[in-house]
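Reading through the structure tokens given below for one structure.
All chains are named by letter (A, B, ...) in the order of the sequence lines, taking the proteins before the strands, and each is independently numbered beginning at 1.
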Amino acid sequence: MKFGIVRFPGSCDEVDAQLACARVGEAVILWHGDRDLQGVDAVVVPGGFSYGDYLRVGAIARFAPVMGEVAEFARAGGLVLGICNGFQVLCEAGLLPGALLPNTSLRFIFRQVELEVAESGTPFTRACPPGRRLSIPTKHTTGRFYAPEPELRRLEATGQVLLRYAPGHNPNGSLRDIAGVSNEGGNVFGLMPHPEHAVDPLTGSTDGLSIFESIRDTVADRVAA
Amino acid sequence: MRARVLVKPKAGILDPQGQAVERALPALGFSGVRNVHVGRLVELDVDDPERLPEMCERLLTNPLIEDYEIVEVAAAATGSVA
Amino acid sequence: MRARVLVKPKAGILDPQGQAVERALPALGFSGVRNVHVGRLVELDVDDPERLPEMCERLLTNPLIEDYEIVEVAAAATGSVA
Amino acid sequence: MFNVAESIPRHRELGLTDAEYALILDGLGREPSPTELAMLSLMWSEHCAYKHSKKLLRRLPTEGPHVLMGPGENAGVVDVGGGLGLAFKVESHNHPSAVEPFQGAATGVGGILRDVFAVGARPIAVLDSLRFGEPAESARSRYLLERAVAGIGHYGNSIGVPTVGGEIYFEPSYEQNCLVNAMCLGLAPHERLIRSAAAGPGNVLVLLGALTGRDGIGGASVLASAELGEADAAKRPSVQIGDPFAEKKLLECCLELLDSELLVSLQDLGAAGLTSSASEMAAKGGVGLDIDVARVPLREAGMQPFEVMVSESQERMLCVVEPARVDEVIAVCQRWETLATPVGEVNDSGRLRVLDGADVAAELPVGILVDDCPLYDLEPVAPREGLYPAGPAVLAEELDAAATLRALLASANIASRRPVFEQYDPVVQSRTVRRPEEADAAVLMLADGSNPPAIAVAIDGNGRRVACDPRSGAAEAVLECAANLACVGAEPIGLTNCLNFGNPEKPHVAWQLVQAVDGIAEACQALGVPVVGGNVSLYNEAPTGPILPTPVIGMVGWLPDAARAGQSGFATPGDAIALIGDFAPLAAGSELAKLRGHAPSGPLPAVDFAAARAAHATVRDGIRSGAFASAHDIAEGGLAVAVAECCIAGRVGAVVALPSGIDPFAEAPGRAFLVSGPEAALAGWPVIGRVGGTQLELEGILGIPISELHEAREQGLLGFL
Ligand SMILES: Nc1ncnc2c1ncn2[C@@H]1O[C@H](COP(=O)(O)OP(=O)(O)O)[C@@H](O)[C@H]1O
Ligand SMILES: [Mg+2]
């Protein structure tokens, strides 16, 4: 399978995402100005500081030409993963519910956190080992997940909250410890932690790999079907 | 026209920046300050002010989390700030 | 009194945010926008408005790189924004 | 800056002495124009001309088998195998950070990143070395700490370069002169390395990056070369604002231009802006340059030619391009949304000519700008007594050992730096094998795979010990860096340094400077490590006196297998603990001496370089072979603190019998280590204890639960930022 990783001006973790994806498939970079997804099977909107995070995180990137294609792709059911800044961009683009607000500490925080998989069996979590926490780094200034109360209840009822910070591990004040949510269709997923930085025993944990494996398995099933 | 867009966190959403200011003031000897909120100010020259609300909705603010207000900058005021 | 402090980058000082917004707008179909500057908005209730300038100098702004303006929020306006 | 009162000659206002100005008149045979005077005053400033340090720096050894580029280029480069060069340099941004700590520190990082990609290397890591006044006493120091750290994080995080290490000390002498030094490392395939010498008459000078505004005008001469007095607010230039987003695009753009072989030479714009960059490029290439300021894209209207020439607007680079390639260069830059503007030409005149359209604003021989500034000899005089007063005693001499250890672990200079490094991204770029607090040096792998080679890096410099004895103290800083590298299994291959001192025209400061450079040189020679670059920051003085003499050493090393990189924490209950190296520590100059209210004075332990080098080799080999499961050098706080740190990092206790005659808190950094490993692997080494349990027991001295030690160490800095 082929992953496409979007590169905006100011993206920082796109090569890391490419390296992580390359462990489970092929991975190409998608230039922000191109309206071409190069026939990829899944899209990753990576971390970093697209457009310097200026004005409001993700606000400018969502208008990049490539994002029109990504939105199309998502509407057609394609798998889209947004990591950190990518999550923020997808929220701004309306492809994911809610918004990300400044951390309650108002600071950038790097921390290796533990996550609980709240929904297993989804296209993005099916390969996660059941009942086990994931140890994955977070690093951001604006990661406090927010949605109005009724929306939060709906997200939980429909199983759109896929990852939560384990008790005591919420680094940013996210409501209900939400670390990652999907869209209603379940094919777009955004999370603040960085699974691409947890794929190599030399640089930390390998717990993030299961997110990319889940995507690979989902794509494989779809092709088989 | 020179315009200002004043952007504020929506009421009811936790505003840690406002809180931080509110906490810091008494320590500096400023009492009697309440309900502090911190938002964003965007100042710009626009040829067509009628398009400002659309600009606000699409780019300058996120309506899920922010309220905004558009204020015209009077010629005199512009001078004093620029 | 409910007051607003409008904080802007000082004239002549690099304003990367303003530049980024100015560059983004034409791509969204908004032409005719110039001199964009992005700053901060602080809204607060103060018992003693006379102390506002001092608060601005000491906490709310960085006088080396920012200018500010204090605006009173009229009672009516307060209602509509809050 | 130019509407100077009649009575003060303009050259003096610009920081030139009468004698220097006479030399200029002599050399030119005429009065300089205002633009020329502005350019000369900056090029002849301490910051650009190194007039009080250049002769001294010649004492540093700069050659070694791995050196690809030594001092003189924007960054030094050493070979790390696999066809890769490692570029690195440390630089100060002390004065700008004292004025505006967030932007000062941020632009400090931005500046050192540009030095590294100016040689064609992709920045892969940043480290920071910070000094502030006492945080418990000084609200201003807490503010500077908080804002400088935020600024460093802002720039490094936003540009996608990991900040993998650093160091912070708090001492009263830094109260009015904080130090903000930043180090950057970058990697380049050998064929992408590029120098800054301009070449090829007829070639085009192209300015890349940000618009030019009135940022930091006069910065180099007025800000960096004169003492910051009380009433100097008017001398403050406008503060430079960092734009990491612009630099990220500029960085990617420059690397793509180099990969496409479109550039003849490349140079960053730093202090003194276009003036310094253009003169240096012309001088190195032995050519002349014409620059037309009317072609420089400006952020502000009405800028004078001199303002354009000395502006320190950030995020700009200057390159030389063959005329036929200019369009291609502009096309690459457009793709990266980066401005590229031809602003001049290379010629063979040997002169730097500044045009303003049809007018000539300046025309100077390149030599007068770059070579003719007089180099001064220092007049060192050893002080009869210590220069620095004792601080308040915050720990009683009679406090018991357990309470003393807790207090040391919680003290500002020893406590966990977590509240600081949590604000930095240490993992972006997927190379980081050892993060802060996992080991004594950061480790970054050089390739993919399960056993790739790696580099390690550490930065060190304890000013209080240098104050006790500048020569030994500076040598100790070099030793400590090498010791830190040994702990992860790395062998030193190159060194950079930043010499932060007071006013070199004062005899005692001159003495500190000379002694410290000699100490560094001697240690480098003894360890076989070349100095490939550095920076000097002088005049760090307040009315109360100079800062502690603070040479900051950044050292890089190489290790064959990242999978075997060492860790500092004890690994396995039951392991033996051995003390490696000659260890004869003294109380003078120690952290405990400071807390007990002693002034920084007294002899440091003698330095036996051969013994230290042998100990480093032992530890390095033991880590590489896997015989040692952990290694940690014994530094601030002595053996007691070192063993506590091993326990805290390993989340496990230990029982240790202190060798007889050793004061648990006395110090001798860089010379000795605590290693742990299976009993059999440590056979033949002096075993002093065993890993296990939940408390640290120093036999006959103290016993404290690890959780308590951990808590004390974690809390130390928390209240300060
Ligand atoms: N303390 C030092 N040790 C070794 N080299 C030094 C030292 N200080 C400065 N240098 C070298 O002198 C040259 C000029 O330094 P600097 O003005 O800081 O360079 P840049 O303008 O590129 O920042 C550089 O090559 C630098 O490495
Ligand atoms: Mg340089």
Counting only non-hydrogen atoms closer than 4.5 Å, does A:L55 touch chain B with its backbone (N, CA, C, O), its side chain (CB onward), both, or neither? both
Main chain of A:R56, side chain of B:R40: is a donor-acceptor contact present, judged purely on distance under 3.5 Å? no
If the contact rule is any heavy atom under 4.5 Å from chain B, which residues of residues 133-172 of chain A qualify, in numerical order? A:R144, A:Y146, A:P148
So for B:Q19, is it side chain, backbone, both, or neither that comes closer than 4.5 Å to the heavy atoms of chain A? neither
Interatomic distance, CG@A:L101 vs CD1@B:I65, rounded to 0.5 Å, equals 4.5 Å
Closest heavy-atom contact between A:P102 and B:P16? O-CG, 4.4 Å
Does any pair with a residue in residues 93-105 of chain A pass side-chain hydrogen bond (donor to acceptor under 3.5 Å, both in side chains), and if so which ones, sequence neighbours excluded? none
Close approach to chain A in residues 21-31 of chain B, criterion heavy atom under 4.5 Å: none
Inter-chain contacts: residues 40-54 of chain A against chain B, heavy atoms under 4.5 Å: none
Can you tell me how far the CD atom of A:E92 sits from the CG atom of B:L59, to the nearest 0.5 Å? 8.5 Å
Heavy-atom pair count under 4.5 Å with chain A, highest-scoring of B:T61, B:D15, B:V7: B:T61
